[in-house]
Amino acid sequence: FIRTGLSLVYGQTYYISVRSKNGAGLWSSICSSDGITIVAPVSPPTADFIINTTELCVSDAVQITNTTTGASTYVWSGSGIAFNDPNAFEPFVSFSASGLYAIELIANGPGGADTLVQNINVFVHPLTNASFTVSDDTLVLPSGFLACTNTSTNAVNYNWSFGDGNTSTDSDPWNNYTSTGIYELSLIAGNGLCPTDTAVQTIVVVTTTGVGETSLVSLEGYPNPVAD
């Protein structure tokens, strides 16, 4: 039979007792249930997440912000996407190249499951590589002029240090050394997005001292010992 109109409380356990009467009017013994606990209805989960940045370097990993409600377990997937843990609440993801990626989240909870797929347009920047050449790595004073040719890739800003206290932010700078010594010439190249890279070269500055011209000396002896 069905009984309606009962005022039941969520979280409360209720027991049902039943006995029957036969045709002779005799009643059976009472039989009771094990108990039924009234559980409040649970809403199904709503899967949702955010990618905080879509512009990153090839070596970077970005953490997903999970804004799902009503779920207790998660399954992440996506073609061409590397997840550090596909079952984590907020995993880290990395991409090998720029492109359009579809990230799928399946959220499971007491009220059921929900699936969300987001298409993310990702821009992956290559790493900076600092490099340069110099007009000469050994300079002889008084001509201490040094010219630098910048051969860096994936860089837009440059910080040069010539080792003698002089610096520059030009792309292809020059320097004039005035004292002898061994100097460390360094370039730090960057693009404002990826980690900077550094290139270093040793510059030797020397000076020469000595006779500027060669003289021919003639020796004569008197009297001539071989003369008759």
Side-chain angles (χ1 to χ4, degrees), residues 1-129 154-156 190-197:
F1 68 96
I2 299 176
R3 181 70 179 270
T4 61
L6 299 176
S7 298
L8 303 180
V9 179
Y10 293 133
Q12 180 68 48
T13 302
Y14 295 89
Y15 300 88
I16 299 175
S17 299
V18 178
R19 67 174 180 169
S20 62
K21 184 179 181 181
N22 62 18
L26 299 176
W27 289 92
S28 68
S29 59
I30 297 176
C31 180
S32 298
S33 69
D34 292 333
I36 299 175
T37 301
I38 306 301
V39 178
V42 179
S43 300
T46 301
D48 198 11
F49 61 90
I50 300 170
I51 300 292
N52 294 311
T53 180
T54 57
E55 194 167 3
L56 60 159
C57 298
V58 69
S59 60
D60 289 345
V62 60
Q63 188 174 22
I64 296 176
T65 300
N66 191 343
T67 55
T68 300
T69 58
S72 55
T73 62
Y74 310 90
V75 179
W76 302 87
S77 62
S79 178
I81 306 172
F83 295 86
N84 72 318
D85 184 351
N87 300 117
F89 176 68
E90 293 183 330
F92 285 87
V93 294
S94 57
F95 310 87
S96 60
S98 298
L100 185 65
Y101 294 87
I103 300 179
E104 180 183 78
L105 167 61
I106 301 175
N108 294 278
D114 188 32
T115 300
L116 175 66
V117 177
Q118 286 196 42
N119 292 317
I120 308 296
N121 199 14
V122 176
F123 298 92
V124 178
H125 297 270
L127 294 177
T128 297
N129 179 54
N154 306 315
V156 295
N191 57 23
L193 294 170
C194 301
T196 60
D197 190 37

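All values below come from the heavy atoms of this structure, side chains included, with hydrogens, waters and symmetry mates left out. Remember, it's a predicted structure, so these values are computed and weren't measured experimentally.
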Could you check whether any side-chain heavy atom of [X] comes within less than 4.5 Å of a side-chain heavy atom of [Y], counting everything from C-beta outward?
| X | Y | result |
| --- | --- | --- |
| Trp76 | Ile64 | yes |
| Leu116 | Asp48 | yes |
| Ile50 | Thr67 | yes |
| Thr128 | Thr196 | no |
| Pro126 | Val58 | no |
| Thr53 | Ile51 | no |

Closest non-hydrogen atom pair, [X] against [Y]:
| X | Y | value |
| --- | --- | --- |
| Ser98 | Val124 | OG-N, 2.7 Å |
| Ile106 | Thr115 | CG1-OG1, 3.7 Å |
| Pro45 | Gly111 | CD-C, 4.1 Å |
| Cys194 | Asn191 | N-OD1, 2.8 Å |
| Val9 | Ile38 | O-CB, 3.6 Å |
| Ala102 | Asn119 | CB-OD1, 3.4 Å |

Looking at [atom1] of [X] and [atom2] of [Y], how far apart are the two atoms once the value is rounded to the nearest 0.5 Å?
| X | Y | atom1 | atom2 | answer |
| --- | --- | --- | --- | --- |
| Tyr15 | Ile36 | OH | CD1 | 10.5 Å |
| Glu55 | Leu193 | CD | CG | 5.5 Å |
| Trp27 | Lys21 | CH2 | NZ | 5.5 Å |
| Leu105 | Asn66 | CG | CG | 6.0 Å |
| Gln118 | Ile103 | CD | CD1 | 7.5 Å |
| Cys57 | Leu127 | SG | CG | 6.0 Å |

Residue Asn87 excluded, over 12 heavy atoms near CG under 6.0 Å: yes
According to the interplanar angle, ranging from 0 to 90°, do the rings of Tyr101 and Phe95 count as parallel (below 30°), tilted (30 to 60°) or perpendicular (above 60°)? tilted
Distance-only side-chain donor-acceptor flag, Asn52 / Thr65, under 3.5 Å: yes
Look only at the side chain of Ser28 and the backbone of Ser20, and say whether a donor-acceptor pair between them is shorter than 3.5 Å. yes
Check: Asp85 side chain, Pro91 main-chain N or O, donor-acceptor pair, under 3.5 Å: no
Verify whether the ring centers belonging to Tyr74 and Phe89 lie closer than 6.0 Å. yes
Tell me, with the steps shown, if Val122 and Leu56 meet side-chain contact (heavy atoms from CB on, under 4.5 Å). CA-CA 8 Å; Val122 176; Leu56 60 159; 3.6 Å; yes
